[in-house]
Novice: 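Below you'll find the structure I mean.
Chain letters run A, B, ... following the sequence lines, proteins first and then strands; every chain starts at 1.
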Protein chains: 2
Amino acid sequence: MKRKVTLKQIAKELDVSVSTVSKALRNSKEISLDTRSKVQAFAKLYNYRPNNIALSLKNKRTKTIGVIIPEIVHHFFSKVISGIEKEANNRGYNVIIGLSNESFDKEVINIEMLANGSIDGFILSVAKETLLLQDYHHFYETINQGMPIVMFDRVVNEIACDKVVVDDKLGSKKAVAKLIESGCENIALITTKDYVNVGKLRTQGYLEALEEHKIEPKASLIIKAEENKDKEVEIETLEKEISALLEKEKAIDGIFAVNELYAITAMKIAINKGYKIPEDISIIAFTDGVLSKHAIPSLSTISQHAVEMGEKSATMLIDKLEELTDEEEYQTQVINTTLIERDTTR
Amino acid sequence: MKRKVTLKQIAKELDVSVSTVSKALRNSKEISLDTRSKVQAFAKLYNYRPNNIALSLKNKRTKTIGVIIPEIVHHFFSKVISGIEKEANNRGYNVIIGLSNESFDKEVINIEMLANGSIDGFILSVAKETLLLQDYHHFYETINQGMPIVMFDRVVNEIACDKVVVDDKLGSKKAVAKLIESGCENIALITTKDYVNVGKLRTQGYLEALEEHKIEPKASLIIKAEENKDKEVEIETLEKEISALLEKEKAIDGIFAVNELYAITAMKIAINKGYKIPEDISIIAFTDGVLSKHAIPSLSTISQHAVEMGEKSATMLIDKLEELTDEEEYQTQVINTTLIERDTTR
DNA sequence: TGGTCTTACTCAAACGTTTTCGTGTTGAAA
DNA sequence: TTTCAACACGAAAACGTTTGAGTAAGACCA
C-alpha cells in the first residue's frame, strides 16, 4: 500500500526544496526546464495530486457547497439535487448533503456542522418545522459570517439572500384555467393547511382562476388536508374526506390537487366510485413526478422544472462565491411552470 | 458582518498565546482556572467554532464520507442515501455526494476529485458503463492508497473490499414461488440483458423457483429488455414486446418483473387488453418504491430494504475508518428481501 | 542560600500547500 | 575589472489547529 505522495516527499527524493517542486509542477519559468521536467516526470510516476484540504486551508475556500433539504426520498428534491450537482460539477465544485427531515433542530445542527469551514456556501430549502416556529437565527448567523445562502422553493421572504422559487400561484391558475376551459364547472381543490406557504399560494391561484372565469368559489369544494409525519395516516384521513366530498357534491367534474399523491388518492377514490376519468371528472396535480407519469391513467400535471431550479440555485451561489455578482445584491429568480397534459384532462 | 473568529484573534485580544487559548478551551489543567474561564467566556461571546478544515489537515481525517451513485432521481438510491446519512450523522460524519450518471468517466472523475484528501472513505454503487467495460483501475488505486471502499448493490466481486448486497436470486425465487403457490402456472419474466448483474441473478431466481416446483421454463415467456439511456424509448420498445407476448401466449397468468417500471408497464398493457388483475394475471415486481405503492391496483413487490443497506454500508465504512474492524478483513453483508403483498397477487 | 517542585504559561513543530522575498552563481556589457 | 541583470533555486510565512517540550516565577524544604 503506497500512501499519497506529498510535495515534501518529492522534494526529498529529488534533493530540491519544496518550493521548487511546487513551482516546477505549476510550470513556473522561475525553474529551469531541466528541473521542471524531472519533477513533473516524478510526480506523474508517483501519481501526485495536491491535497485538497491543504489547498482549502490556504485558499480559504473549499470549492464545496452545502445543500440542506428536508428529505431526499422525494422526487422533487432529488431532481433539484441532480441539477445542483450538475452545475456545481461543471464549475469544479463538490456537493455535500445534509437532511433536515423537516426538523428545526436537525436543520440547525446540519448548518452549524457545515458552516465551520467545510463549505463555501449553502443552498437550502427550509424545513416545515422551522417555518412553523419562525426561528431563523441560524440563517442570519450564517449570512452574518459572510457565508452566502441561496434558498429554493421553500424560502423565507424576510431574509436577505438569493432565492429561487416557482410561481405557485400562476402555476395553479394555469391548471385550474385549463380545467375550466375544457368544460369543468365544479372544480374541487385538495390542498394543505395555510401555514404551508406553497399550499397557500396554490390555493390563491385556484381562487384567482375561478374569479377570472366568473365562477363563484364554494368552500364546500375545498379540502385542506392536515399534514402528518406518518404519511399513511395522512392519506387515510384524506381518503375519508375525499370520499365524503364526492358523496356530497355530486356535481364535481374537476379536481385540482396541490401534489401528486393527493391527486392519485382522489383519482383512486373516484375510479372506485365508478367515475370515468377524464370524461366524468378531470384531474390535474401540481408537481410532476414518477407517480403522475406512470399512473393509470397518467396524470396531467404542472411541472416545476426541478432540475432547472437546482441549476439556477447553483449558478447563483457560485456566481456570488466567485464574486461575479455584487455581494450585497440579492435576486429572486422565478422558475416557470408548465402544464403537462396527459390522460386525466380532456 | 463579523467574520469567523480564530484562536489567534482570541489570543491577541486576551493577550495570551494561541496555545493557551487552545488548551483553555479544551479545559486543560495546565491552564489556571482563571484564564480558562476568561477564555471560555470570550469564545462563547464571539461564538468561536474550530475550523474544520484546519482540524482535518492536522488530524489527517475529514470525518466525511464520499458516496458515488449512478443516479439520485431514483427511489432505491435516494433511500440508500437517507440510510447512509442517518448513520453517518449519528457518528459525527458528513456525507458528500457524487453522481456518475452511469458513466465510467464521471465515476473516475468523481472518485479522483474526492480521493485527494476531501474524504476518509467511499460508499459506492458501480456505474453500468464501468461494469460493461470491466475497468476497475480507479477502485484499485483508491484502495491501494489506503482509502477504504464499501460497495453496495452493484458490486464487483473480484475487488477486495466490504460489500453490502441484496440476495437478488433468493428474492426473485420468493416472488415466483408466491405466484406459483397462488395458482399461477404460466409465469412470464420481464428482465434485463444478462450483463446487468442483478438482472442475471433475478433471472436465475425465477428459473430456480420454477425448477423447484417442477415447472418447465419456456424461453418464449421471457423478455430481456434492452436498457436505453432514454427511458422513454426503452419503455416504448418494451411495451411492444409485452403486447406481442400477451397476444401470443394466451395462457400467461402471472408476471414477474425485475423492477417496478417494467411491472407497471406490463400491468398497463394487460389492463388495456381486458385482463383482470390479479384474477386473470398476478403480478410481482422486484424493488419496492412509490410507484408500486400508489399504482392502481397497488403492486405486490419484493422490498430490498434500501435504508437498511445504507445504514449497514455506513456502519461498515466507519467501523473500518475508526479501526473497530480489521483493516485487511473484508465482509459481504447480505440484506434480506421481503415480499410485500398488495393488490396484484391473490 | 541553594536546590527542587509546581504552576502557568509560551514556543515551535506539524499537517500540505502557495507565494513573496532573498540570495548565490553566471555571463555579459561597460 | 567592475557592475548588473538574468537565472535558478531556497527560506520562510501563511492558512488554523493541537501538543510535546521548554521556561520563568514562585513556593517549599533542608
Novice: Find which nucleotide of DNA chain C each of A:Tyr48 and A:Glu30 is nearest to by heavy atoms, and output the residue with the more 5' nucleotide.
Specialist: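 It is A:Tyr48 whose nearest nucleotide is closer to the 5' end.
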Novice: Heavy-atom distance under 4.5 Å between the side chains of B:Val164 and B:Asp162, does that happen here?
Specialist: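 No, too far: nothing below the 4.5 Å cut-off.
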Novice: How long is the line joining NZ of B:Lys23 and P of C:dT10, in whole Å?
Specialist: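 After rounding, the reported distance stands at 9 Å.
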Novice: Looking at B:Ser32, does any N or O in its side chain come under 4.0 Å of the phosphate oxygens OP1/OP2 on C:dC9?
Specialist: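 B:Ser32 to C:dC9 OP1/OP2: side-chain N or O found under 4.0 Å.
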Novice: Assess whether ring-ring contact (aromatic ring centres under 6.0 Å, His included) is satisfied between A:Tyr46 and A:Phe42, documenting all intermediate values.
Specialist: CA-CA 6 Å; A:Tyr46 281 87; A:Phe42 194 92; 4.7 Å; yes
Novice: Given that B:Ile31 and A:Gln9 both sit by DNA chain C, which one's nearest nucleotide is further toward the 5' end?
Specialist: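 In this pair, the answer is B:Ile31.
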Novice: When the distance from CG of A:Asp15 to C1' of D:dC9 is rounded to whole Å, what number comes out?
Specialist: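 Rounded to whole Å, this separation is 12 Å.
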Novice: Taking any heavy-atom pair under 4.0 Å as a contact, classify A:Leu7: base, sugar-phosphate, or nothing.
Specialist: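 It contacts base atoms.
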Novice: Mind calculating the distance between CG (A:Asn59) and P (D:dC15) to the nearest angstrom?
Specialist: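 Answer to the nearest Å: 13 Å.
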Novice: Can you check whether B:Lys8 has a side-chain N or O nearer than 4.0 Å to OP1 or OP2 of D:dC15?
Specialist: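 B:Lys8 to D:dC15 OP1/OP2: side-chain N or O found under 4.0 Å.
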Novice: Is there a side-chain polar atom (N or O) of A:Lys29 under 4.0 Å from OP1 or OP2 of D:dA6?
Specialist: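 Result: no.
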Novice: Would you say B:Asp135's side chain and B:His137's backbone share a donor-acceptor pair under 3.5 angstrom?
Specialist: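 Looks like yes, one N/O pair under 3.5 Å.
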Novice: Would you indicate, yes or no, if D:dC9 has its OP1 or OP2 atom less than 4.0 angstrom from a side-chain nitrogen or oxygen of A:Thr35?
Specialist: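 Answer yes for this pair, as a side-chain N or O of A:Thr35 is under 4.0 Å from OP1 or OP2.
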Novice: Whether B:Lys4 contacts D:dG16 is assessed here as follows: a side-chain N or O lying under 4.0 Å from the phosphate OP1 or OP2. Is that the case?
Specialist: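 Looking at the OP1 and OP2 atoms of D:dG16, neither is under 4.0 Å from any side-chain N or O of B:Lys4.
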Novice: Identify the residue among A:Glu322, A:Glu311, A:Glu85 that makes a salt bridge (Lys or Arg N to Asp or Glu O under 4.0 Å) with A:Arg91.
Specialist: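 Testing A:Arg91 for a salt bridge (Lys or Arg N to Asp or Glu O under 4.0 Å) against A:Glu322, A:Glu311, A:Glu85 leaves exactly one candidate, A:Glu322.
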Novice: Taking only the side-chain nitrogens and oxygens of B:Ser22, find out if one of them lies under 4.0 Å from OP1 or OP2 of D:dT19.
Specialist: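 Indeed not, no polar side-chain atom of B:Ser22 lies that close.
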Novice: Distance check: side-chain N/O of A:Arg26 vs OP1/OP2 of C:dT19, anything under 4.0 Å?
Specialist: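 Yes, A:Arg26 has a side-chain N/O under 4.0 Å of OP1/OP2 on C:dT19.
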